[in-house]
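Below is one structure, written out as structure tokens, with a few remarks after it.
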Amino acid sequence: MEEARPEPAPSSFAYRLRRDAGGALGDVRRHWRQLWQRRWFRWTAWLGGLFLVAIALFWFIFARGLPDARTLLEYEPPLPTIVRDVNGQPVHSYARERRVQLQYSDYPPLLIRAYLAAEDKTFFEHHGVDIPGFAGAVVDYASKLGSGQRARGGSTITQQVAKNLLIGDEYSPTRKVKEMILAYRMENVLSKQQILELYLNQIFLGRNAYGVQAAARAYFDKDVADLKLHEMAYLAILPKGPANYRPESTAGHARALERRNWALGEMYANGWITAAQRDEARAQPLGTVAAHGSSFDARAGGYYMEEVRRRLIQLFGEKADDGPNSVYAGGLWVRSPYDPVIQDSTATALRNGLLRFDAGRGWSGPVGHIEVDRGWLRELAASYIAVDYAQWRVAAVIGRTSSEAQIGFSDGTTGVLPAAAAQLPYRRTGGPAFAALKPGDLIVVARNGSSWALRNIPEVSGGMVVEETHSGRIRAMQGGFDSRLSSYNRATQALRQPGSTIKPFVYAAALDNGMTPASIIVDGPLCVYQTASLGQKCFRNFSGGSAGPQTMRWGVEQSRNLMTVRTASQTGMERVVRTIKAMGIGDYQPYLAFALGAGETTVERMVNAYATLANQGRQMPSKVMDYVQDRRGKVIWPERWRPCEGCNMANWDGKPMPRFGFEGKQVMNPMTAYQVVHITEGVIQRGTATVLADLKRPLFGKTGTTNGPTNVWFVGGSPDLVAGVYIGYDQPRSLGGWAQGGRIAAPIWKAAMAPILETMPKTPFVAPAGIRMVTIDRRSGKRVYGAWPTDEPKAAVIWEAFKPETEPRRTIRKEEAEAQAKVADQRAARAVRQRTDADFLEGQGGIY
């Protein structure tokens with residue numbers, strides 16, 4: 001029987017485990033010591049460690065902090081903003097880089113091969129880096145080290161994209177290594193076609209052209225699809241250095257021909273063209289066009305386009321850093337109501353009016369000054385001063401003798417200004433303008449035979465706006481003589497006193513508070529207690545006379561200040577300024593002076609207020625942009641813009657037609673607005689703006705003249721189009737005692753609007769529901785039975801517009817009305833015989 005053995009103690013088992021483990025570790029240590037004693041193992045270990053350290057250092061020096069190549073998937077090159085006019089035609093661009101973005105499929109295959117031949121013929125074979133080309137670049141760099149010469153690049157197209165878009169153009173080996181790393185990463189993220197699309201849209205090719213399409217326009221005035229083989233080859237050589245191949249210089253032209261022919265040879269060597277195509281293209285001249293600016297007319301719009309730019313910057317910012325839809329990088333498409341025909345008529349009328357007013361006052365002085373010693377041509381070009389009127393040109397005085405002055409133009413040409421052609425009296429000295437000329441002066445001249453003659457830019461200025469009544473769309477805007485002489489837009493930025501053009505809104509407040517167009521208002525002296533400190537203020541007409549009790553209509557038509565002040569006082573100035581504020585004219589204190597136009601406003605605001613009257617009190621905000629699209633065509637402004645579904649269907653589908661909802665804001669009772677319009681039609685027929693009566697169409701409006709007189713106005717229009725104009729000095733001063741809105745502003749309005757209105761139907765102003773048209777005696781305001789109004793402007797019996805239950809109750813016979821009208825007209829004429837109403841009618845714009 002086998003004898004049982006006792007179990008080993010735990011301590012003995014733990015000892016054996018430690019002993020066995022220690023023996024295994026000892027074997028490993030002995031094995032490593034044996035290997036380390038061998039030379040080949042030590043060298044291998046050291047090299048492996050150095051390799052790992054090198055990788056870490058390489059990443060730390062070159063790869064750390066590099067941009068992510070995946071960002072190029074969403075990269076969008078800076079694109080200009082394009083403005084379209086009311087007809088949808090592109091008319092203006094805001095750009096600092098000339099660029100047009102195309103897709104890869106838009107580029108002709110032969111054009112792509114031209115760039116591959118000139119820049120990277122193995123593009124479709126390598127993975128971002130051309131090893132043989134890079135090795136050659138390294139050898140070239142080493143050979144030129146310390147010589148100051150720049151080594152050849154050896155960059156592939158992928159590397160050029162990485163350089164241009166991600167890391168910059170620093171000349172150093174470090175940048176080249178970073179470029180290679182990014183190129184490798186890009187090839188893992190983007191397809192070859194995507195890389196080429198980025199390259200062809202981004203590369204700088206001279207003449208401020210970025211991208212091949214922009215370059216095609218800049219050098220050949222063609223689109224890429226229309227380029228010929230020799231033109232493609234020329235564009236393909238430009239990335240290496242556009243300045244080296246400038247066709248304007250003799251040396252550059254020769255280098256361009258040689259390099260272009262080389263590129264054609266490379267295309268043939270790669271089998272992309274035939275020998276016949278190569279030889280035919282080599283025989284062609286360069287064929288480039290003269291360098292020119294934007295394809296858009298820089299003169300188009302002027303002040304209008306500058307106003308569009310200001311509003312776009314307020315909405316989206318100016319530079320790429322301001323957001324994806326910035327004006328100079330976002331590639332916006334702006335649809336505007338700008339009408340070239342109306343704009344041209346407006347600009348011409350205002351300029352001619354300014355010249356007419358300024359005629360005979362002498363030369364106002366140079367329009368600028370440059371330092372001739374710094375190079376007059378460069379200084380003149382940098383001034384950006386120009387003029388677009390009747391073949392006038394801005395010139396720099398570059399020298400002067402006793403008999404003539406030498407002048408230079410921005411295109412580098414020169415001419416002669418004889419002393420006899422510059423004899424306008426200089427306003428500051430009274431002597432001839434020629435005597436005041438000095439080198440560096442920028443002047444305006446016009447061709448006079450073989451020489452030039454001095455011309456004068458008016459010192460007086462003004463602004464004009466034309467707006468649609470039912471939409472608020474501004475069709476034209478002119479803010480001065482020329483936007484390139486002064487960018488200050490007097491149509492939107494100049495705060496001027498509106499004078500008597502404010503009166504229709506004073507009477508609108510009265511009509512809303514119990515008065516009617518036939519209400520009798522006393523045209524006589526008025527005294528008003530103002531405050532304890534100011535005491536009592538008494539007012540009188542400028543003529544010193546008064547016409548006694550007259551109808552509201554007569555007071556508006558003849559622009560009687562005392563009747564306006566009395567009306568405002570009876571109505572309450574709080575109500576008057578509330579009405580003026582609601583119309584968007586201005587926010588004024590309740591002082592009587594504001595009832596006569598003492599406040600400040602702009603032409604744009606006044607035109608919009610009158611358009612609101614013609615739109616039966618519904619206010620449409622004035623706008624110079626209909627909508628704004630981003631580069632992909634999505635409408636991004638207005639914010640709540642919605643497309644009109646079904647508006648462009650070819651055929652009716654039998655469903656209800658699309659309907660637009662009401663827009664704008666009702667700021668005045670429609671009946672009140674119509675009454676004001678109906679009254680101010682009389683201003684044209686027999687009041688202060690009878691100069692417009694011969695247009696023989698429904699028009700309303702009001703003239704205005706302010707104290708001094710410093711400003712003269714006319715605002716008014718038809719049921720569909722309203723325009724306003726003012727004339728005045730930028731630093732307000734008297735225009736002369738004879739200056740009045742009816743004499744100066746209204747004729748300018750007529751010159752601008754007459755050709756426009758001729759193309760429009762003669763549409764009458766339509767009364768809103770509820771208006772009652774009643775025959776009344778024009779002078780007494782009494783109701784007339786048995787008579788029918790005629791087209792005679794001063795007919796005794798006229799139609800008048802009343803709200804329900806407000807028409808006159810007292811009546812008068814037709815014969816009595818005619819007799820009283822004659823007597824009243826004679827009495828009114830005698831009351832102002834010291835000066836006619838036409839002199840004072842505008843009021844003096846205030847009683848302050």
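None of these values were measured; they are calculated from a predicted model.
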Checking N261 side chain against L257 main chain: does a donor-acceptor pair fall under 3.5 Å? yes
Can you find a heavy atom in the side chain of F434 that is under 4.5 Å from one in the side chain of L454? no
Listed partners of Y627 passing ring pair (Phe, Tyr, Trp, His ring centres under 6.0 Å), at least two apart: W641
Between atom CG of N87 and atom OH of Y338, what is the distance when rounded to the nearest 0.5 Å? 11.0 Å
Keeping the roles fixed (side chain from R84, backbone from V91), state whether a donor-acceptor pair exists under 3.5 Å. no
So F481 and W392, would you call those rings parallel, tilted or perpendicular, with 30° and 60° as cut-offs? parallel
Heavy atoms from other residues, nucleotides or ligands near OH of Y384 exceed 12 (cutoff 6.0 Å): no
With side chains defined as the heavy atoms from C-beta onward, is the minimum distance between Y94 and I313 less than 4.5 Å? no
I need the full list of salt bridge (charged side-chain N to carboxylate O under 4.0 Å, His left out) pairs touching residues 369-383, with sequence neighbours left out, sorted by first then second residue. none
Does a side-chain heavy-atom distance below 4.5 Å link I195 with E187? yes
Nearest 0.5 Å, please: how far is CD in E119 from CG in L196? 11.5 Å
One should read off an interatomic distance between Q202 CD and Q101 CD, to the nearest 0.5 angstrom, of 9.5 Å
CZ of R260 to CG of L229: how many Å apart, nearest 0.5 Å? 9.0 Å
Taking N448 for the side chain and A453 for the main chain, is one N or O donor matched with an acceptor at less than 3.5 Å? no
With rounding to the nearest 0.5 Å, note down the distance linking CG in L235 to CD1 in I203. 12.0 Å
Under 3.5 Å, side chain of R447 to main-chain N/O of S450, donor-acceptor pair present? yes
Could you list the donor-acceptor pairs under 3.5 angstrom formed by side chains in residues 319-333, with sequence neighbours left out?
from: D322; atom 1: OD2; to: E318; atom 2: N; distance (Å): 2.9
from: D322; atom 1: OD2; to: K319; atom 2: N; distance (Å): 2.9
from: S326; atom 1: OG; to: K319; atom 2: O; distance (Å): 3.2

Verify, without hydrogens or angle tests, whether D411 (side chain) and T413 (backbone) share a donor-acceptor contact under 3.5 angstrom. yes
Tell me the closest heavy-atom pair linking W272 and L116, and the distance in Å. CH2-CB, 3.9 Å
Considering all heavy atoms of both residues, which atom of G211 and which atom of L205 are nearest to each other, and what is their separation? O-CD1, 3.8 Å
Do V212 and Y115 make a side-chain contact, defined as non-hydrogen atoms from C-beta onward lying under 4.5 Å apart? yes
Is there a donor-acceptor contact under 3.5 Å from the side chain of Q478 to the main chain of A347? no
Would you check if L110 and M267 make a side-chain contact, meaning some heavy-atom pair closer than 4.5 Å? yes
Shortest non-hydrogen separation from H369 to P439 and the atoms involved: CE1-O, 3.3 Å
Is it true that the side chains of H92 and D85 contain a donor and an acceptor less than 3.5 Å apart? no
What I'd like to find out is whether the side chain of P77 reaches to under 4.5 Å of the side chain of R631, using heavy atoms alone. yes
Would you check if R217 and V100 make a side-chain contact, meaning some heavy-atom pair closer than 4.5 Å? no
Y245: ring pair (Phe, Tyr, Trp, His ring centres under 6.0 Å) partners, not counting sequence neighbours: none
Quick one: closest heavy-atom pair of L377 and S410, and the distance? CD1-O, 3.5 Å
Could you go step by step and tell me if F220 and T288 meet the side-chain contact (heavy atoms from CB on, under 4.5 Å) rule? CA-CA 5 Å; F220 300 107; T288 57; 3.7 Å; yes
Say you draw a straight line from NZ of K121 to OG1 of T156; how long is it, rounded to the nearest 0.5 Å? 14.5 Å
Salt-bridge test for R400 and D441: reply yes if a basic N is under 4.0 Å from a carboxylate O, no otherwise. no
Keeping R255 on the side-chain end and N244 on the backbone end, is there a donor-acceptor pair under 3.5 Å? yes
Close side-chain approach of L227 to P108, heavy-atom, < 4.5 Å: no
Is it the case that atom OH in Y268 sees more than 12 heavy atoms from other parts of the structure closer than 6.0 Å? no
Which is it for Q213 and L200 under the side-chain contact (heavy atoms from CB on, under 4.5 Å) test, yes or no, and what are the steps along the way? CA-CA 8 Å; Q213 168 63 22; L200 296 173; over 6 Å; no
Would you say the side-chain atoms of S191 pair up with the backbone N or O of Q194, donor to acceptor, closer than 3.5 Å? yes
Could you tell me whether D482 and R484 have a side-chain N and a carboxylate O separated by less than 4.0 Å? yes
Listed partners of E258 passing salt bridge (Lys or Arg N to Asp or Glu O under 4.0 Å), at least two apart: none
For Q391, I'd like to know if atom CD has over 12 heavy atoms of other residues, nucleotides or ligands within 6.0 Å. no
Any chance the side chains of S487 and E306 put a donor and an acceptor closer than 3.5 Å? no
With the threshold set at 4.0 Å, does a side-chain nitrogen-carboxylate oxygen contact exist between E280 and K228? no
Audit row: W637, V334, side-chain contact (heavy atoms from CB on, under 4.5 Å) steps and yes/no: CA-CA 9 Å; W637 184 89; V334 181; over 6 Å; no
Heavy-atom nearest pair, R259 first then A118, reads NH2-O, 4.4 Å
Flag for Y107-N201: side-chain donor and acceptor within less than 3.5 Å: yes
Quick check against the 3.5 Å criterion: does S93 have a side-chain atom that pairs as donor or acceptor with the backbone of A95? no
L264 backbone acceptor or donor facing R278 side chain under 3.5 Å: no
Suppose we screen for side-chain contact (heavy atoms from CB on, under 4.5 Å). Which residues come up paired with P418, at least two apart in sequence or across chains? V416, A421, S451
Classify the angle between the aromatic ring planes of Y219 and Y234 as parallel (below 30°), tilted (30 to 60°) or perpendicular (above 60°). perpendicular
Determine whether F123 and Y199 satisfy the following criterion, side-chain contact (heavy atoms from CB on, under 4.5 Å), listing intermediate values before the conclusion. CA-CA 12 Å; F123 174 75; Y199 176 77; over 6 Å; no
Residue pair A256 / I237: nearest heavy atoms and the distance that separates them: O-CD1, 3.7 Å
